[in-house]
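Atoms within a ligand are numbered from 1 in the order they appear, just like the ligands themselves. Quick note: numbers below take in every heavy atom, side chains included, and nothing from hydrogens, waters or symmetry partners. Owing to the predicted nature of the structure, the values given are computational and were not obtained by experimental measurement.
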Amino acid sequence: MVAGLLTVGLATLAASVLTGVAPSSGQPAPIAAVGGAFIDRTPPWLKDVAIATFGTNDKRALLVGTVVVLTLACAAIGILTLRHLVAGLVTFAVIGAVGVAAVLTRPGAGPLDALPTVLGTVAGLWFLNRCARPVGTPGAANPGRRWLLGGAVGAAAAYAGSLLGGGSTAAAVSRDTLARTPLKGTKLAIPAGADLGVPGLTPYIVPNEDFYRIDTAIVVPRVDANDWRLKVTGMVDREVEIDWKSLQSKQMQEALVTLTCVSNEVGGDLVGNAVWTGWPVRELLAMAGPQAGADMVLQTSVDGFTASTPLAALTDDRNALLAVRMNGEPLPFEHGFPVRVVVPGLYGYVSATKWVTELKVTTYAADVAYWTPRGWSPTGPIKTASRIDVPKAGAVVQAGTVAVAGVAWDQHTGISKVEVQVDQEPWAPARLAVDASIDTWRQWVYEWDATPGSHDIRVRAYDAKGKVQSPLEAPPAPDGATGIHVVTARVQ
Ligand SMILES: Nc1nc2c(c(=O)[nH]1)N[C@H]1C(S)=C(S)[C@@H](COP(=O)(O)O)O[C@H]1N2
Ligand SMILES: [Mo]
C-alpha cells in the first residue's frame with residue numbers, strides 16, 4: 001500500500017519533471033513556465049528578498065521549490081486517488097491546466113508550446129487511472145510493473161517534449177558554425193599592464209564561464225541564428241529588419257566593455273569585463289532614421305524582457321554594439337546568443353538585452369520597460385564604484401608587505417585615482433593598472449605594510465573628472481548601490 005503510494009507519487013512526478021526538462025525551442029517547459037509566470041508576478045520586495053537570500057542561485061531555488069511543491073502535490077494526489085479515483089484525477093487535471101496556462105501566457109508562446117504539458121498531463125492521468133487503483137481491483141497493474149510503467153510514461157513524455165524542441169539542436173549547430181566563420185573588421189589589442197597579475201585579484205578579462213549571469217529567463221532561450229531577426233520599429237522614417245546573414249557580413253568592431261548589474265551590492269560580484277565583437281547599433285538605427293522627439297529605444301528580447309535605453313546612448317560615438325562574440329567566442333547561450341546589445345556606461349537592465357529581437361524607437365513618456373514598474377529607475381547610468389578582492393574578508397595574512405588589490409569602475413567616464421585607507425589612517429593612493437579603456441574597470445594595488453592585529457581596509461575611487469565615489473550607503477534599488485567597500489583582515 002505504502003509502496004503503491006510512493007510509486008504513484010514518484011512516477012507521476014517523473015512524468016511531469018521529464019516533460020519539464022526536455023529541451024524546448026526557446027519556449028519554457030511547464031515547470032519553468034510556472035516558475036517564470038511566478039517571477040513576473042512577484043512583487044519587487046519578494047524578488048529582492050529572493051535575490052538577497054539566494055544570490056545568483058535564485059532561479060535554481062525557485063525551480064527546486066516548484067519541484068518540491070509538485071512532489072508534495074503528487075503524493076497527496078496519490079493518496080487521494082487511492083481513496084477516491086475521480087477526485088484524484090480531477091485534481092491532477094487542474095494542476096495540468098495551471099501548467100498549460102503558465103506556458104501559454106509566457107511571452108511569445110504559441111498553442112504548440114502547450115503540447116508537451118498537455119501530453120504529460122494526459123499521460124499522468126492515464127497512469128494514475130491505471131495504477132492508483134488498489135491492488136486486486138479490476139484494471140490495477142501489479143506492483144512490480146508499476147515502476148516499469150512509470151518509467152515508460154516518463155520516457156515517452158520526455159521524448160515527445162524533445163521532438164517538439166528540435167530548435168535547440170539547430171541553435172547549437174548555428175553557434176558552432178559562427179565559431180568557424182571569420183568576421184570582417186579589426187582586431188583589438190589589449191595593452192600589457194591592464195592586468196596587474198596579483199594573486200586573488202579578478203582577472204582584467206573575465207573568462208566566459210566565470211562571467212556573472214543575470215536575467216529573468218528560467219530556461220535559457222536557445223535561438224537558432226538562422227531564424228534570428230532584429231526589427232527596428234516605432235518612431236522611424238522606415239522600419240528595417242536585419243537577419244543573421246546580413247549582420248554577419250558587416251564590418252565588425254571589437255570593444256572592451258565592463259558590464260555591471262544595478263543589483264550589485266557594494267563589494268559584490270555582479271560585474272565583469274569582456275571583449276565584445278559586434279556591429280554598432282548606431283549604424284542600424286541610421287538605416288531606419290529615428291524621428292525628432294524620440295528619446296528612448298525600447299529593446300525587446302525573444303523571451304519578452306524589455307529594456308529602456310536612452311536613444312542618445314545608442315547613437316553617439318560610444319559604439320554601443322550588437323554583439324555576436326564574447327571574448328572571441330560566439331556568445332554563450334546564457335549571455336544572449338546569437339545577438340545581444342552592449343552599451344558602455346549603463347547598467348545591464350537598461351541596456352544589455354540578450355537574445356535581442358526588436359528595437360522600438362519611442363519616448364520615455366510612451367513606453368516602460370520590464371523593471372520600471374518593479375521599482376527601478378527607467379534610466380540607469382553606472383555609478384563610480386570600487387571593490388577589494390584581496391585580502392578576502394576575514395582573511396588571515398602574515399605581517400609585512402601585503403598586496404591589497406581590487407577593481408574600480410565608472411564606465412564611459414573612466415577612473416583617475418584609487419585610494420586605500422587602513423583603520424583611521426589617512427587615505428593613501430593605490431597604484432593603477434594601465435588604462436585600457438574608459439569603458440572598463442581598472443585594477444589597482446596597494447602595498448600595505450601590515451602589522452599584527454585586526455584591521456579594516458577601505459577603498460574609494462575617483463572618476464576621470466576627479467569626482468570621488470559617494471560614501472553614502474544606499475541600497476541597489478532604485479538606481480544602484482553606493483557606499484564604501486570595507487574588508488576586515490587579521491594580521492599575525
Ligand atoms: N533578455 C534579457 N536580457 C537581459 C536581462 C534579462 O533579464 N533578459 N537582464 C539584464 C541585466 S539586469 C543584466 S545585469 C545583464 C547581465 O548580462 P550577463 O548575464 O551576460 O552578465 O543582462 C541584461 N540583459
Ligand atoms: Mo542587472
* Asked: Can you check whether Ile415's main-chain N or O pairs, donor with acceptor, with Arg442's side chain at less than 3.5 Å?
  -> yes
* For atom 21 (O) of ligand 1, which protein heavy atom lies nearest, and how many Å away is it? -> Tyr212 O, 2.7 Å
* Structure fact -> Logged contact type for Trp371 with ligand 1, heavy-atom cut-off 4.0 Å, is neither
* Indicate yes or no: does an N/O atom of His335 lie under 3.5 Å from an N/O atom of ligand 1? => yes
* May I have all residue pairs that pass side chain to side chain donor-acceptor pair (under 3.5 Å) and include part of residues 463-482, sequence neighbours excluded? => Lys383-Asp479, Ser386-Gln469
* Considering only heavy atoms, does Leu270 approach ligand 1 within less than 4.0 Å through its side chain, its backbone, both, or neither? -> neither
* Asked: Per the side-chain hydrogen bond (donor to acceptor under 3.5 Å, both in side chains) rule, which among Lys360, Glu241, Glu358 passes with Thr233?
  -> Glu358
* To do: Pick one of side chain, backbone, both or neither for how Phe305 approaches ligand 1, counting any non-hydrogen atom pair under 4.0 Å.
  => side chain
* Tell me, please: is Met326 in heavy-atom contact with ligand 1, that is, under 4.0 Å? => no
* Is there a donor-acceptor contact under 3.5 Å from the side chain of Glu254 to the main chain of Leu188? -> yes
* To do: Say whether, by atom type as modelled, one donor and one acceptor occur between the side chain of Ser377 and the main chain of Pro478 under 3.5 angstrom.
  => no
* Check ion pair Arg213-Glu334 (N to O, under 4.0 angstrom) -> no
* Asked: Under 3.5 Å between some N or O of ligand 1 and some N or O of Ser301?
  -> yes
* Asked: Would you say ligand 1 has an N or O under 3.5 Å from any N or O of Thr260?
  -> no
* Could an N or O of ligand 1 be found under 3.5 Å from any N or O of Lys354, whether backbone or side chain? -> yes
* Asked: Is the closest N or O pair between Tyr349 and ligand 1 shorter than 3.5 Å?
  -> no
* To do: Measure from the side-chain N and O atoms of Asp243 to the backbone N and O of Trp228, and report whether any donor-acceptor pair falls under 3.5 Å.
  => no
* Heavy atom of the protein closest to atom 9 (N) of ligand 1 (residue, atom name, distance) -> Ile214 O, 3.3 Å
* Find out whether Asp269 and Tyr212 are in side-chain contact, i.e. whether some heavy atom of one side chain is under 4.5 Å from a heavy atom of the other. => no
* **Atom indices of ligand 1 within 4.0 angstrom of Asp303 heavy atoms, with elements** => 1 (N)
* Asked: Ignoring hydrogens and geometry, is there a side-chain-to-backbone donor-acceptor pair from Trp355 to Asp303 under 3.5 Å?
  -> no
* Structure fact -> of all protein heavy atoms, closest to atom 17 (O) of ligand 1 is Arg340 NH2, 3.0 Å
* Asked: Would one find an N or O of Thr216, backbone or side chain, under 3.5 Å from an N or O of ligand 1?
  -> yes
* **Distance-only side-chain donor-acceptor flag, Tyr446 / Glu419, under 3.5 Å** => no
* Min N/O separation Ala352 to ligand 1 under 3.5 Å -> yes
* Contact atoms of ligand 1, heavy-atom distance to Cys261 under 4.0 Å -> 14 (S)
* Asked: Which of the atoms in ligand 1, numbered in the order shown and given with their element, are less than 4.0 Å from a heavy-atom of Phe211?
  -> 21 (O)
* Asked: Cationic tip of Arg460 within the cone over Trp427's six-membered ring, i.e. under 6.0 Å and within 45° of the normal?
  -> yes
